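Have a look at the structure below, then the notes.
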Amino acid sequence: MRGRFIIIVVALAVTAPTLLKAQRISISTNLADYANFATFNIEGAYALNQHWSLFAKGAYNPFTFNKGTAGQIQHRLFSISAGSRYWFWHFNSGWFAGAKLQYSIYNYGGLVSRRTEEGMGYSVGLFGGYAIMLTPNLNLELGIGLLGGIKDYVRYKCQSCGEIVSKGVTPYIFPDNLIVQLVYMF
């Protein structure tokens with residue numbers, strides 16, 4: 001056991017300079033998510049080589065907005081996703097295409113009608129976009145994606161009455177992941 005630990009430490013020490021090489025690691029936030037009822041989000045990415053990167057993203061929105069006697073508006077969300085990007089020119093430069101797996105817990109409603117829906121979603125997403133270099137360490141990514149999967153949901157007549165309108169498990173597909181993302185590269 002101790003021998004394995006020493007081998008792992010030595011391997012990390014030898015490969016650390018390569019792993020931490022400049023601009024192979026990035027951290028970002030999607031500004032478009034903040035426009036979606038102030039959804040907090042953060043993404044970390046690591047370049048495997050010139051064309052491929054892996055990423056993990058988390059998004060969280062705990063807010064409910066009161067509309068007075070008309071009810072409330074909410075798009076509460078907890079979402080995690082992981083995936084990869086293919087960079088056609090170079091990591092964090094130019095055009096990219098990607099795929100992701102996503103798990104979400106959500107509760108939204110009140111914007112168009114008093115109805116509300118809550119549930120869980122299991123999704124696969126495809127997306128693409130373009131990265132614009134602002135400074136040597138800061139990029140702006142623009143893009144869009146498509147998300148599809150299965151959701152296990154319950155729909156209520158209103159936010160507070162608890163009267164169930166429908167529930168079940170159903171497939172879905174919709175536009176997702178409007179990307180207006182600031183990326184900082186280490």
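Please read all numbers here as calculations on a predicted model, not as lab measurements. Heavy-atom basis, side chains included; hydrogens, waters and symmetry copies ignored.
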Can [Y] be reached from [X] by stepping across I, L, V, M, F, W or Y side chains whose heavy atoms are under 4.5 Å apart?
{"X": "Leu182", "Y": "Ile132", "answer": "yes"}
{"X": "Ile80", "Y": "Met120", "answer": "yes"}
{"X": "Tyr130", "Y": "Leu140", "answer": "yes"}
{"X": "Phe63", "Y": "Tyr108", "answer": "no"}
{"X": "Leu142", "Y": "Trp95", "answer": "yes"}

Who are the side-chain hydrogen bond (donor to acceptor under 3.5 Å, both in side chains) partners of [X], not counting sequence neighbours?
{"X": "Glu141", "answer": "Gln181"}
{"X": "Thr64", "answer": "Arg76"}
{"X": "Thr116", "answer": "Gln74, Asn107"}

When the ring centroid of [X] is compared with that of [Y], is the distance short of 6.0 Å?
{"X": "Trp87", "Y": "Phe96", "answer": "yes"}
{"X": "Phe91", "Y": "Tyr46", "answer": "no"}
{"X": "Tyr103", "Y": "Tyr122", "answer": "yes"}

Applying side chain to side chain contact (heavy atoms under 4.5 Å, CB included) to Ile105 and Leu77, what does each step give before you reach the verdict? CA-CA 6 Å; Ile105 300 171; Leu77 171 74; over 6 Å; no

Residue pair [X] / [Y]: nearest heavy atoms and the distance that separates them:
{"X": "Ser26", "Y": "Met185", "result": "CB-CG, 3.9 Å"}
{"X": "Phe55", "Y": "Ser84", "result": "CE2-N, 3.5 Å"}
{"X": "Ala38", "Y": "Asn61", "result": "C-ND2, 4.0 Å"}

Those residues that, when tested against [X], pass ring pair (Phe, Tyr, Trp, His ring centres under 6.0 Å) (two or more places apart):
{"X": "His51", "result": "Tyr86"}
{"X": "Tyr60", "result": "none"}
{"X": "Phe78", "result": "none"}

Between Ser79 and Gln102, is a side chain to side chain contact (heavy atoms under 4.5 Å, CB included) present by the stated rule, with each step listed? CA-CA 7 Å; Ser79 177; Gln102 182 170 303; 3.4 Å; yes

Pairs touching residues 39-51 that satisfy salt bridge (charged side-chain N to carboxylate O under 4.0 Å, His left out), sequence neighbours left out: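 Matches after skipping sequence neighbours: Glu43-Arg85.
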
Could you give all pairs that pass the salt bridge (charged side-chain N to carboxylate O under 4.0 Å, His left out) test and reach residues 94-107, with sequence neighbours left out?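 Applying salt bridge (charged side-chain N to carboxylate O under 4.0 Å, His left out) to every pair that reaches into residues 94-107, excluding sequence neighbours, yields Lys100-Asp176.
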
Quick one: [atom1] on [X] to [atom2] on [Y], what's the gap to the nearest 0.5 Å?
{"X": "Leu138", "Y": "Ser28", "atom1": "CG", "atom2": "OG", "answer": "10.5 Å"}
{"X": "Phe127", "Y": "Leu147", "atom1": "CZ", "atom2": "CG", "answer": "11.0 Å"}
{"X": "Arg24", "Y": "Leu48", "atom1": "CZ", "atom2": "CG", "answer": "7.5 Å"}
{"X": "Asn177", "Y": "Ser123", "atom1": "CG", "atom2": "OG", "answer": "11.0 Å"}

Identify, with sequence neighbours excluded, every residue that meets salt bridge (Lys or Arg N to Asp or Glu O under 4.0 Å) alongside Glu118.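 Glu118 satisfies salt bridge (Lys or Arg N to Asp or Glu O under 4.0 Å) with no residue once adjacent residues are dropped.
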
Set of residues satisfying salt bridge (Lys or Arg N to Asp or Glu O under 4.0 Å) with respect to Arg155, sequence neighbours excluded: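 Salt bridge (Lys or Arg N to Asp or Glu O under 4.0 Å) check on Arg155 returns Glu117.
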
Sub-3.5 Å donor-acceptor pair from the side chain of Ser104 to the main-chain atoms of Tyr106, do we have one?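 No.
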
Is there a donor-acceptor pair under 3.5 Å between the side chain of Asn139 and the backbone N or O of Asn92?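 Yes; judged by distance alone, with no hydrogens or angles, the pair exists.
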
Going by atom type alone, with no hydrogens or angles, which donor-acceptor pairs under 3.5 Å involve a side-chain atom of residues 29-36 and a protein atom two or more places apart or on another chain?
from: Thr29; atom 1: OG1; to: Tyr34; atom 2: OH; distance (Å): 2.9
from: Thr29; atom 1: OG1; to: Asn41; atom 2: O; distance (Å): 2.9
from: Thr29; atom 1: OG1; to: Asn41; atom 2: OD1; distance (Å): 3.2
from: Asn30; atom 1: OD1; to: Ala32; atom 2: N; distance (Å): 3.1
from: Asn30; atom 1: OD1; to: Val180; atom 2: N; distance (Å): 3.0
from: Asn30; atom 1: ND2; to: Leu178; atom 2: O; distance (Å): 2.9
from: Asp33; atom 1: OD2; to: Lys57; atom 2: NZ; distance (Å): 3.1
from: Asn36; atom 1: OD1; to: His75; atom 2: ND1; distance (Å): 2.9
from: Asn36; atom 1: ND2; to: His75; atom 2: ND1; distance (Å): 3.3

Verdict with reasoning, Ile179 to Ile144, per side chain to side chain contact (heavy atoms under 4.5 Å, CB included): CA-CA 6 Å; Ile179 303 168; Ile144 193 160; over 6 Å; no

Please determine whether the number of non-hydrogen atoms from other residues, nucleotides or ligands lying under 6.0 Å from atom CD1 of Ile150 exceeds 12.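 Counting other residues, nucleotides and ligands, CD1 of Ile150 stays at 12 neighbours or fewer.
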
Name all pairs fulfilling the ring pair (Phe, Tyr, Trp, His ring centres under 6.0 Å) condition that reach into residues 152-185, sequence neighbours left out, sorted by first residue then second.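 The answer is Tyr172-Phe174, Tyr184-Phe186.
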
